[in-house]
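The structure appears below as structure tokens.
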Amino acid sequence: MKASRIVALIVLLLVIAFVVWYFLVLSVPRTALLTIYYAKLDGTSLGTWTISQRARARGESSAAYERYEAMYAAVQNVAGPPSETQAIRFPTGTRVEGVTLDGPIANVDLSDDVTHQAGSFGEGGEFKALVYTLTALPGIDGVQVTVAGKRLETLPHGNLELDAPLHRTDW
Amino acid sequence: MHRSIALIGSLFIAVVLALTPLEGAGAQADANLSIVNAAFVSVEDPSLHALLERLAAALTWHAGDPDVLVTTANHAVIAFRVGEREYHVGTVSAQARYAPYLKGSIPYLPLTELLSALSLRGFPNGRTLLLEPLISSLEVRTSLQGSSIVAQAAMPLTPRLVSQDDSTVTYAFDGVGSSVAGTRSVDAGGVRSVSVRSTGTLQTAQTLVTVNLEPHAIASDPQSDDGRDFLLPIDAQSQEPAPAASFSETRVTAVDVMPASDAFTVDVVIAGDATYEWHRLAAPDNRFWIDIRGAQLSAPPRDDVWTGTVTGVRVSQQTPTVVRIALSLTAHDAIDVVPSADGVRVIIHDEVAADAPHAGSGSIGTTVAATVERPPPSPSSSPTSLTTQLVTPVPVRQSYVPTNPKLIVIDPGHGGDDPGTVNGNAQEKTFTLDIAKRLRAVLIARGWQVKMTRETDTEVDPVATTDHDELQARDDVANANGARIFISIHVNAYSQPGPNGTTTYYSKPEDVPLANDVQSAIASRVGMKDDGIVKMHFYVTLHARMPAVLVETAFITNPGDLARLESPAWRQRMAEAMADGIERYARENPLPPAPTQ
């Protein structure tokens with residue numbers, strides 16, 4: 001009697017272990033889709049394109065995956081849409097140096113190349129698309145931009161205020 | 001049918017090379033373009049970084065991260081992960097033969113897949129791999145106006161026109177091979193076919209792109225503004241009557257989804273003429289769909305899941321000639337379907353509309369029209385307008401009271417060591433100061449008091465050490481003097497010459513009426529392209545306590561706009577238009593009467 005209970009308990013534990021394993025591993029899609037925004041050349045409206053990205057890896061924490069997702073989205077956004085798409089683009093050479101998450105704020109560090117521009121048209125469109133891209137991710141509602149590791153009050157040679165996180169409502 | 005397209009007016013074939021500038025045109029295959037010859041390459045390998053720099057590519061990796069991202073000059077992102085054979089290139093995922101691995105804490109990437117993703121082909125040469133850049137894709141796009149041929153390659157090169165007769169034109173790309181050799185039929189947009197052929201060795205590699213044209217088309221040399229985009233104008237000297245527009249050339253090129261707090265917008269971008277028809281189901285089944293008839297879907301099909309007002313967006317080629325965009329809604333929300341500049345726009349408002357139209361139709365392209373069908377009115381329903389107000393009135397903050405209600409502060413952008421935007425000898429700071437002085441004269445003549453943040457070619461705060469301090473100094477002039485209005489004058493710019501026109505930027509709700517009045521006065525009086533008013537997180541407009549706007553008068557980088565900026569008469573009209581806008585604002589937004597003693 002006692003032995004049968006032990007066997008039943010073991011079977012139950014195995015079933016539970018299988019269910020947990022299935023939902024944590026097997027049920028995870030191999031790829032996920034991300035929507036990336038770009039600013040159109042009319043200077044005001046946004047377009048989107050969709051990219052595939054890797055799914056959460058086995059053993060990868062949700063925090064690590066969310067950070068990767070934000071990094072991937074930021075890199076894609078700064079790279080811009082396919083060449084044939086007419087879009088406002090970051091200055092040539094601009095790259096994402098790093099992305100970290102701090103609660104609902106994504107900290108995006110851009111290379112100094114982003115300052116090699118002038119005119120409201122470019123800076124407005126670029127940062128609007130970046131903010132829309134990152135705040136489309138779950139849990140992110142603002143973007144703090146730094147340049148070459150430094151937090152700036154305004155974009156050099158520009159007009160955009162950068163000393164606080166940018167939100168969609170800023171546009 | 002397709003051949004007849006070539007007979008419509010002028011025809012352009014744009015050969016767009018998605019490439020970055022390179023020293024010297026028509027560069028030959030560069031033997032120095034190389035990398036260490038191994039199955040894997042370290043992300044810290046100097047030869048990899050040298051190669052990426054030559055390709056205008058960038059690598060993003062942080063110590064401890066298993067993910068490595070490489071951004072190419074063609075705007076694609078290559079994503080590898082240690083231990084995973086699957087990797088991503090742009091929108092495509094693929095399987096590497098071997099997964100990246102860690103040696104110490106440094107990721108090593110599979111070289112074959114990396115080079116392929118970079119559109120490079122390797123030739124072993126001892127311990128080095130000599131690399132040949134490849135044309136990796138060549139896409140032909142047709143429209144009623146002509147055709148576009150978009151070629152992508154790893155390295156920026158210059159096409160040469162090498163031969164031309166009545167029916168063909170051939171371009172040579174020196175120093176580049178191709179992974180897309182072959183001939184494809186087009187028979188549309190004035191192009192019969194395009195063939196790609198590679199010749200030579202690594203050192204003498206050359207790819208020839210031959211375009212077989214419809215009759216009567218005459219090609220000229222490729223043109224390029226910046227070494228990236230090459231335009232081949234082909235004049236189709238039609239000897240036949242122009243045919244009616246053909247729906248078969250119409251493409252749905254993009255479906256852009258823009259969620260926002262008060263409305264969910266779907267922009268359907270359409271190239272060519274088309275008709276559309278939309279329907280919605282009655283509550284509680286809130287599905288909506290719009291069919292673009294006579295169109296082909298050239299954008300990727302999609303089936304997106306959203307949260308909020310819209311829970312699903314599906315885009316598909318419903319039938320061979322109908323593109324369908326279907327939305328799943330959570331409520332019977334008000335929906336507007338309106339023609340836009342480049343197609344049709346669907347706006348789902350975050351408000352329930354009991355008697356909203358249930359169907360509508362329209363046309364776009366040469367003829368723009370739209371109609372809606374409403375359900376029969378129920379006895380309890382009240383009449384409503386067919387047109388929904390697209391711009392929600394903004395509540396205006398009334399807390400600021402100017403101590404000097406007749407004072408306008410004018411801020412000429414930049415100055416001193418900061419020239420602002422530049423094109424040749426033309427400098428933004430000069431134009432802004434000139435327009436500002438003209439505006440001052442007009443306003444004073446009309447009875448206003450005016451203070452300028454600067455009156456000469458200098459910084460407003462010569463001792464400012466940061467851009468922030470300089471901008472704050474401009475706001476300080478207005479804030480300290482209790483001005484009624486702050487207007488900052490600028491000249492726009494972009495890396496391409498195309499964008500042009502006037503935009504008025506604002507930041508605060510109370511800026512909106514002023515921005516509207518100034519922008520509309522400029523649009524009606526100066527004759528500039530009206531780029532509208534745009535909300536932006538700009539320092540000077542945010543930190544001015546009074547209604548404030550920043551006017552980007554024109555684009556210094558656009559030849560037409562630059563010619564206007566250099567015209568004193570145009571600058572005078574611009575100043576007078578700004579004054580008109582300011583006066584209209586003041587007239588329509590009177591200050592409350594001063595308290596009596």
Side-chain angles (χ1 to χ4, degrees), chain A residues 30-31 33 35 37 40-54 57 68 71-72 75-76 78-85 88-89 91-93 95-98 111 117-122 124 127 132 136 152-161 163 166 168-171, chain B residues 16 18 20 56 58 60 62 67 69 71 74-77 79 81 84 86 88 90-93 139 148 150 152 254 256-258 260-261 267 269 300 302 304 341 418 420-422 428 466-468 471 490 492-495 498-499 503 505 531-532 534-540 542 550 552 555:
Chain A
R30 292 191 59 78
T31 59
L33 294 177
T35 297
Y37 288 81
K40 296 183 178 180
L41 286 184
D42 64 8
T44 55
S45 55
L46 294 174
T48 60
W49 81 101
T50 304
I51 55 162
S52 59
Q53 66 156 347
R54 69 169 179 82
Y68 166 76
M71 166 78 87
Y72 190 57
V75 169
Q76 289 279 2
V78 171
S83 300
E84 59 271 23
T85 302
I88 296 176
R89 297 179 183 278
T92 302
R95 62 188 182 279
V96 178
E97 300 283 18
S111 65
Q117 64 178 324
S120 302
F121 182 78
F127 286 93
Y132 267 74
L152 304 176
E153 291 168 310
T154 58
L155 186 68
H157 315 301
N159 299 297
L160 198 65
E161 188 173 39
D163 67 348
L166 297 167
R168 289 191 178 196
T169 52
D170 291 328
W171 279 275
Chain B
V16 180
T20 55
T60 302
H62 290 94
D67 294 290
L69 304 177
T71 306
N74 294 329
H75 312 294
V77 175
R81 179 176 172 83
E84 300 280 346
E86 184 179 38
H88 296 264
T91 58
V92 177
S93 62
E139 186 178 349
S148 299
V150 181
Q152 293 193 331
D256 299 327
V257 180
M258 291 172 284
S261 58
D267 265 343
V269 182
R302 55 195 293 179
D304 299 344
D418 175 12
T421 59
V422 174
E428 177 181 7
T466 66
D467 294 295
H468 162 267
L471 295 174
H490 285 256
N492 227 330
Y494 191 54
S495 56
T503 306
Y505 293 93
D531 290 335
V534 174
K535 186 183 180 189
M536 200 67 78
H537 202 64
F538 281 164
Y539 192 93
V540 291
L542 272 172
L550 185 153
E552 293 281 5
F555 279 76

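Just so it is clear, the values below take in all heavy atoms, side chains as well, and ignore hydrogens, waters and symmetry mates. Because the structure is predicted, anything quoted here is derived from the model rather than measured. Numbers restart at 1 for each chain; the letters A, B, ... are given by sequence-line order, proteins then strands.
- The greatest number of non-hydrogen atom pairs below 4.5 Å with chain B, out of A:Pro156, A:Gly122, A:Gly93, A:Ser120, is found for A:Ser120.
- Heavy-atom distances place both the backbone and the side chain of A:Phe121 under 4.5 Å from chain B.
- Interface remark: A:Thr50 contributes backbone and side-chain atoms alike to the contact with chain B (heavy atom separation under 4.5 Å).
- Looking at A:Ile88, both its backbone and its side chain come within 4.5 Å of chain B, counting heavy atoms on both sides.
- Listed by chain and residue number, B:Lys529 satisfy the salt bridge (Lys or Arg N to Asp or Glu O under 4.0 Å) test with B:Asp531 (two or more places apart in sequence, or in another chain).
- Both the backbone and the side chain of A:Tyr72 come within less than 4.5 Å of a heavy atom in chain B.
- When the candidates B:Gly532, B:Ala76, B:Pro499 are compared by the number of heavy-atom contacts under 4.5 Å with chain A, B:Pro499 comes out ahead.
- Looking at B:Tyr539, both its backbone and its side chain come within 4.5 Å of chain A, counting heavy atoms on both sides.
- For B:Thr71, the part lying near chain A is the side chain, with the backbone staying farther off; criterion is any non-hydrogen pair under 4.5 Å.
- Between the side chain of B:His88 and the backbone N or O of A:Arg54, at least one donor-acceptor pair lies under 3.5 Å.
- In this structure, B:Met536 and A:Trp171 approach most closely via the heavy-atom pair SD-NE1, 2.8 Å.
- Of the listed residues (A:Val78, A:Thr35, A:Leu46, A:Leu41), the one with the most heavy-atom contacts under 4.5 Å to chain B is A:Leu46.
- The side chain to side chain contact (heavy atoms under 4.5 Å, CB included) check on A:Ser111 picks up A:Thr94, A:Arg95, A:Glu97, A:Asp113, with sequence neighbours excluded.
- For a residue to count as touching a neighbouring chain, one of its non-hydrogen atoms must lie under 4.5 Å from one of that chain's; by this rule B:Val269 touches chain A with the side chain only.
- Proximity of a side-chain donor or acceptor of B:His537 to a complementary backbone N or O of A:Leu160 within less than 3.5 Å is not detected.
- Within the 4.5 angstrom heavy-atom criterion, only backbone atoms of A:Pro81 (N, CA, C, O) approach chain B.
- Of the possible donor and acceptor atoms, none in the side chain of A:Asn159 sits under 3.5 Å from a partner among the backbone N and O of B:Phe538.
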